[in-house]
There are 2 protein chains.
Amino acid sequence: MIDTERLDATFHALSDPTRRAILARLAQEGDVAVMDLAEPFAMSQPAISKHLKVLEKAGLVSRGRDAQKRPVHLEAQPLAEATGWLIEYRKYWSAQFGRLDDLLDELQKLEEAAGRN
Amino acid sequence: MIDTERLDATFHALSDPTRRAILARLAQEGDVAVMDLAEPFAMSQPAISKHLKVLEKAGLVSRGRDAQKRPVHLEAQPLAEATGWLIEYRKYWSAQFGRLDDLLDELQKLEEAAGRN
DNA sequence: CCTATAAATAACTATATGGTTTTGTAACCA
DNA sequence: TGGTTACAAAACCATATAGTTATTTATAGG
């Protein structure tokens with residue numbers, strides 16, 4: 001996949017709150033089976049499987065095998081690439097953050113103030 | 001707009017290469033008129049106007065007025081928010097980057113190796 | 001006033017997306 | 001062998017997206 005298509009797929013995958021929630025859960029809990037992933041959502045199992053396909057196409061998750069289960073595994077490389085694209089713009093959102101770690105500190109304060117997503 | 005909708009709109013806006021190219025150009029050149037933005041693309045003016053509407057909905061650009069022109073201006077705040085979401089995952093893509101600035105150095109090496117997007 | 005320029009809007013088309021229900025399949029279990 | 005679990009695949013539907021061409025609106029200049 002060429003670079004731009006990978007970015008297309010990654011940003012598209014991240015544009016849906018269900019998919020972001022799935023990634024957040026995988027980050028917290030490690031590998032999770034499809035039924036377990038589907039449980040918190042008011043949505044059918046095939047709907048979740050479709051979301052997983054979108055994530056898989058972007059390379060954001062991979063699938064394993066454990067008996068009947070197909071555990072979903074977070075693959076964070078595309079997240080790094082997306083971050084790499086965004087990082088180019090850091091100087092535009094605030095000139096006062098010369099060092100990236102200062103920006104991170106600031107972002108974390110904002111997040112704490114706004115509550116988690 | 002609630003936080004999750006803003007992220008939806010931002011990531012969706014970033015999922016198209018034409019729109020990313022528009023943002024990149026605005027970052028490089030400052031405010032640009034619609035015709036000038038459209039020029040490099042094999043695409044009609046209304047198509048570009050539609051892309052601008054998507055970017056505007058996400059808060060990524062604002063519009064000015066200069067005679068008949070409606071200069072497009074980069075608004076980087078949503079990029080900061082998107083980066084904030086992604087930054088949460090930094091520890092997953094590589095444990096070796098304790099400090100964010102180290103990660104940035106590494107990303108820049110990768111970018112140089114891969115060519116620009 | 002008339003005309004030109006810049007851009008938005010409208011109307012239309014094809015394809016993609018996000019969901020559904022139903023059916024099929026692969027692996028375990030009694 | 002037969003049933004159950006976990007998931008994928010198929011078929012379908014409504015809406016959204018990304019593009020087109022044609023038209024309209026707003027501003028400027030002669």
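Chain letters run A, B, ... following the sequence lines, proteins first and then strands; every chain starts at 1. All values below come from the heavy atoms of this structure, side chains included, with hydrogens, waters and symmetry mates left out.
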| Nearest-Å distance, CG (B:Asp16) to P (D:dA16)? | 18 Å
| message | Is there a side-chain contact between A:Arg70 and the phosphate of C:dA27, meaning an N or O under 4.0 Å from OP1 or OP2? | response | no
| said: In this structure, how many angstroms lie between the C1' atom of D:dA18 and the CZ atom of B:Arg20, rounded? | reply: 15 Å
| query | Are any of the side-chain heavy atoms of B:Met43 and B:Lys50 separated by less than 4.5 Å? | reply | no
| query | Which nucleotide sits closest to the side chain of B:Val54: D:dA18, C:dT9, C:dA7? | reply | D:dA18
| note | Walking DNA chain C from its 5' end, the first of A:Thr18 and A:Asp66 to be reached, judged by nearest nucleotide, is A:Thr18
| message | If I take atom NZ in residue A:Lys53 and atom P in nucleotide C:dA16, what distance separates them, rounded to the nearest angstrom? | response | 14 Å
| query | To the nearest Å, how far apart are B:Ile48 CD1 and C:dT9 C1'? | reply | 16 Å
| Is the shortest side-chain N/O distance from B:Arg65 to OP1 or OP2 of C:dA6 below 4.0 Å? | no
| query | Just checking B:Ala47: base, sugar-phosphate only, or nothing, at a heavy-atom cut-off of under 4.0 Å? | reply | base
| B:Gln45, nearest nucleotide to its side chain (from C:dA7, C:dC28, D:dA18) | C:dA7
| message | Which nucleotide wins on minimum distance to the side chain of A:Pro46, given the candidates C:dA7, D:dC7, C:dT21? | response | C:dT21
| task | Grab the CG-P distance between B:Leu55 and C:dA8 for me, whole Å please. | result | 12 Å
| task | Measure from the side chain of A:Gln68, starting at C-beta and using heavy atoms only, and say which of D:dT27, C:dA27, C:dT20 lies closest. | result | C:dA27
| Expressed in angstrom and rounded to an integer, what is the separation of A:Met43 atom CE from C:dG18 atom P? | 10 Å
| If we ignore angles and hydrogens, is there a donor and acceptor under 3.5 Å between the side chains of A:Arg20 and A:Ser15? | no
| query | Toward the 5' end of DNA chain D, which comes first, A:Val34 or B:Ser44, by nearest nucleotide? | reply | A:Val34
| field | Any A:Arg63 side-chain nitrogen or oxygen under 4.0 Å from OP1 or OP2 of D:dC7 | value | no
| said: For a quick test of reading the model: is some side-chain N or O of A:Ser49 closer than 4.0 Å to OP1 or OP2 of D:dC7? | reply: no
| Would you say D:dA26 has OP1 or OP2 under 4.0 Å from some side-chain N or O of B:Lys69? | no
| request: Figure out the NE2/C1' separation between A:His12 and D:dA18, and round it to whole Å. | output: 13 Å
| field | pair A:Asp16-A:His51: side-chain heavy atoms closer than 4.5 Å | value | yes
| Would you call B:Trp85 and A:Leu14 a side-chain contact if the rule is heavy atoms closer than 4.5 Å? | yes
| Hey, is the side chain of A:His51 poking within less than 4.0 Å of OP1 or OP2 on C:dG19, counting only N and O atoms? | yes
| message | With side chain to side chain donor-acceptor pair (under 3.5 Å) as the rule and sequence neighbours excluded, what pairs involving residues 30-46 of chain B come up? | response | B:Asp31-B:His73, B:Gln45-B:Ser49
| More than 12 non-hydrogen atoms from neighbouring residues, nucleotides or ligands closer than 6.0 Å to CE on B:Met35, yes or no? | no
| field | Distance in angstrom units between B:Asp8 CG and C:dT17 C1', rounded | value | 14 Å
